[in-house]
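In each ligand, atom 1 is the first atom listed, and ligand 1 is the first ligand listed. We count residues from 1, following the sequence as given.
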Amino acid sequence: MSRHPLFWSLGLFFAPLLLVLSLGPLLTATISRQLLERKEHELLAYQASRNQALEHAVLTQLPQFRFDCGPDDMALLQDPTYYNRHIRFAGIRTAQGKSCSTLGPGLPILEDAKETSSLTDFAFTTTYSPFDTDRELLIYAKYDGHLIYWALSNSWVYELMQTPCRDCFYLEFSHQDPAHEHLYFPRGNGAIKQQPERISVTEIDEYNRVEQTLWAGAELRRYAAKQVRHYGLLGAASLGLLLVLAYWLLRNYRNSLSGLLKLGLQRGEFIPFYQPIVDCRTREVVGYEALIRWQRGDEVISPGMFIDYAEQQGLIVPITDQLVRQVVADLDRLTEPRWVSVNLVADHLEHAYLPQMLEKVQWPSPDRLTFELTERLPITNIKAAAREIAKLGLRGYHFKIDDFGTGYGGFAYLQQLGIKSIKIDKMFVDTIGTQDFKRSVLDAIIAFGRESKMEMIAEGVEHQAQIDYLLARGVYLIQGYVYAKPMPLEEALAWSPSLAIPQAGSA
Ligand code: C2E
Ligand code: CA
Ligand code: CA
């Protein structure tokens, strides 16, 4: 993160806003469709409950009529149990020609009503003006000369259709049966059906052969766009603020970590632990890898917790300086000709920090201080690195490629950098005794190493079976828990391979 913090803060704040703005049309279309589908469900749910209520009311009311338009019939017609919000009016015309209804003594209705097979066999038609400008559904039954009818209220449709925005929907009910073609009801904003960007959902009631299509167009889109602007921008601004807050918290934390690393440097808290590398043929220690530890009071912090960050912060070079000074001091106490291998980063060679450091420490035996260059992080300036390695090689220093086979450098690295030693990564050693395809890579690496007369060190060896496999293929330099973990100097001095109890068994 080398850019100015303000750049990141503004970027993080505006990124969600830009995202919402660029996704605006897509979000609007999605929300419009969702609103349309939600409205359709709302309509269907209402219709289902209305139909249930109506069926119950009509079937309970019907057997109670005397069909004489007398006071009992009038009371029954006007009984609020039946004359409820679903019914706009209901009426009777008796076989004797008397008419009565909830709206008055008699209405000129259904002159052309057809006979039904019983009073519980219903027929449908629609109302006509002067009762309504919009047609309503009329249910009737005509039998034995008596006619009874109920006009269903359609005001519910208007109420439902005006939410969440006015004139946003248009609904059409139609009957699929040609005999009922007249049962066609348009509701809502009819202009929508002509709009080019209209969307629709159709529901077919197979049983009653009724089809209902709900449409939405520009009005709903405008409403959805407003929602996107309103809630989307509000949400994006809140998210932006959260991201900026998180960024500053992380920055503070990282700054404090960087402060702690600098303090650690001042206090000399970076020390080497030593992990022996053993020749398994002779069980002799040939050398050690120096693995850094951050000793803060009683706490020993592993490199995984800080090395990457130290590298990002440009602190790895002074930290390695501190480590190498300690290694050089320790080398006097470590038995000759055992060597110590120190881990480097690309900067050390690309920017010639390593020669500067060696200049400062003035160590006289270059064959006892060797260096590891990981293949995991690629070197960008190979030429500069190769130049430094060649110069230091002339002075007697040796280099190893660490984590061999895990990165991009591979065999080309060895040739370009002129390195004659490889450390075979644990990832490959782990495949010994398994069917993992990487085992063939391990075999190929070993074959290559042998043919090119490379020194080979196997890393992360944990079992005797792995040693046996490696030795059978000519790899005898072993580093791993099978012998010892990385140890502080005093322990490393006291340690010998005879103390190690190799674990038998397969890996
Ligand atoms: P690396 O260079 O590959 O070091 C080997 C790591 O494997 C070490 O972890 C070591 O403790 C661990 N190891 C060795 N044998 C076994 C084994 O048998 N089983 C298992 N499970 N692990 C084993 P460590 O000490 O935590 O170091 C981790 C990494 O940190 C090192 O990986 C290296 O990349 C980096 N590192 C350590 N010290 C330094 C340093 O001074 N400078 C730089 N630049 N990087 C360092
Ligand atoms: Ca290493
Ligand atoms: Ca390694």
Contacting atoms of ligand 1, where contact means under 4.0 angstrom from a heavy atom of Glu462 | 17 (C), 18 (O), 19 (N), 20 (C), 21 (N)
Is the shortest N/O to N/O distance between Ile292 and ligand 1 below 3.5 Å?
-> yes
Would you call Arg33-Glu37 a salt bridge at under 4.0 Å N-O?
-> yes
Hey, can you tell me if Tyr46 and Trp156 have their rings parallel, tilted or perpendicular (30° and 60° cut-offs)?
-> parallel
Which part of Leu291 is near ligand 1, with near meaning a heavy atom under 4.0 Å away: side chain, backbone, both or neither?
-> both
Rounded to the nearest 0.5 Å, how far apart are OG of Ser258 and OH of Tyr253?
-> 11.5 Å
Please check if the side chain of Thr374 supplies one atom and the backbone of Arg376 the other of a donor-acceptor pair under 3.5 Å.
-> yes
What's the shortest heavy-atom distance between Asp430 and Gly460, and which atoms?
-> OD1-O, 4.4 Å
Compare every heavy atom of Glu462 with every heavy atom of Gln466, then report the nearest pair and how far apart it is.
-> OE1-N, 2.7 Å
Have a look at ligand 1 and work out which part of Leu323, if any, has a heavy atom under 4.0 Å from it: side chain, backbone, both or neither.
-> side chain
Parallel, tilted or perpendicular: ring planes of Tyr397 versus Phe371, cut at 30 and 60 degrees | tilted
Per-residue contact class, Ser302 against ligand 1 - non-hydrogen pairs under 4.0 Å | neither
Please confirm whether the backbone N or O of Asp167 pairs with a side-chain atom of Gln162, one donor and one acceptor, at under 3.5 Å?
-> yes
Going by the order shown, which atoms of ligand 1 are within less than 4.0 Å of some heavy atom of Pro486?
-> 11 (O)
Within-4.5 Å side-chain heavy-atom neighbours: Trp8 and Trp248 = no
Close N or O approach (Arg376, ligand 1; < 3.5 Å) = no
Taking 3.0 Å as the upper limit, name the protein N, O or S atoms near the Ca ion (ligand 3).
-> Asp402 OD1, Asp403 OD1, Glu459 OE1, Glu459 OE2
Give the contacting part of Glu311 toward ligand 1: side chain, backbone, both or neither, where contact means a heavy-atom distance below 4.0 Å.
-> neither
Going by an N to O cut-off under 4.0 Å, is there a salt bridge joining Glu372 and Lys400?
-> no
Distance-only donor-acceptor check, side chains Thr202 and Gln212, under 3.5 Å | no
Checking heavy atoms under 4.0 Å, the part of Glu459 that sits near ligand 1 is side chain
Close approach, Thr320 and ligand 1, non-hydrogen under 4.0 angstrom = no
Quick one: look at Asp402 and ligand 1, take heavy-atom pairs under 4.0 Å, and tell me if it's side chain, backbone, both or neither.
-> side chain
Mind checking whether Tyr353 and His348 have parallel, tilted or perpendicular rings, split at 30° and 60°?
-> perpendicular
For the Ca ion (ligand 2), find the closest N/O/S atom belonging to Glu289 and write down its atom name.
-> OE2
Answer with yes or no whether Lys423 contacts ligand 1, where contact means a heavy atom under 4.0 Å from a ligand atom.
-> no
Subset of ligand 1 atoms that lie under 4.0 Å from at least one heavy atom of Asn343 | 2 (O), 38 (N), 39 (C), 40 (C), 42 (N), 43 (C), 44 (N), 45 (N), 46 (C)
Close-contact set for ligand 1 against Glu289 heavy atoms, below 4.0 Å = 2 (O), 4 (O)
Take Gln464 and Asp468 through the test side-chain hydrogen bond (donor to acceptor under 3.5 Å, both in side chains) and record every step on the way to the result.
-> CA-CA 6 Å; Gln464 182 61 43; Asp468 298 342; 2.9 Å; yes
So the atoms of ligand 1 within less than 4.0 Å of a heavy atom of Val345 turn out to be 44 (N)
So, Phe13 versus Tyr247, ring centres under 6.0 angstrom or not?
-> no
Within 4.0 Å of atom 6 (C) of ligand 1 (strictly less), any protein heavy atom?
-> no
Non-hydrogen atoms of Gly460 versus ligand 1: any pair closer than 4.0 Å?
-> yes
Report yes or no: does a heavy atom of Thr374 sit under 4.0 Å from some atom of ligand 1?
-> no
Report, in ascending order of atom number, the atoms of ligand 1 lying under 4.0 Å from any heavy atom of Asp403.
-> 3 (O)
For the residue pair Phe306 and Trp294, is the inter-centroid distance of their aromatic rings smaller than 6.0 Å?
-> yes
Does some non-hydrogen atom of Lys426 fall short of 4.0 Å from ligand 1?
-> yes
Pair Lys360 + Asp321: basic N to acidic O under 4.0 Å = yes
Would you mind telling me if ligand 1 is within reach of the side chain of Arg293, the backbone, both or neither, using heavy atoms under 4.0 Å?
-> side chain
Could you list the atoms of ligand 1 found under 4.0 angstrom from a heavy atom of Gly480?
-> 15 (N), 18 (O)
Could you verify whether a donor N or O on one side chain and an acceptor N or O on the other, from Glu289 and Gln479, lie under 3.5 Å apart?
-> yes
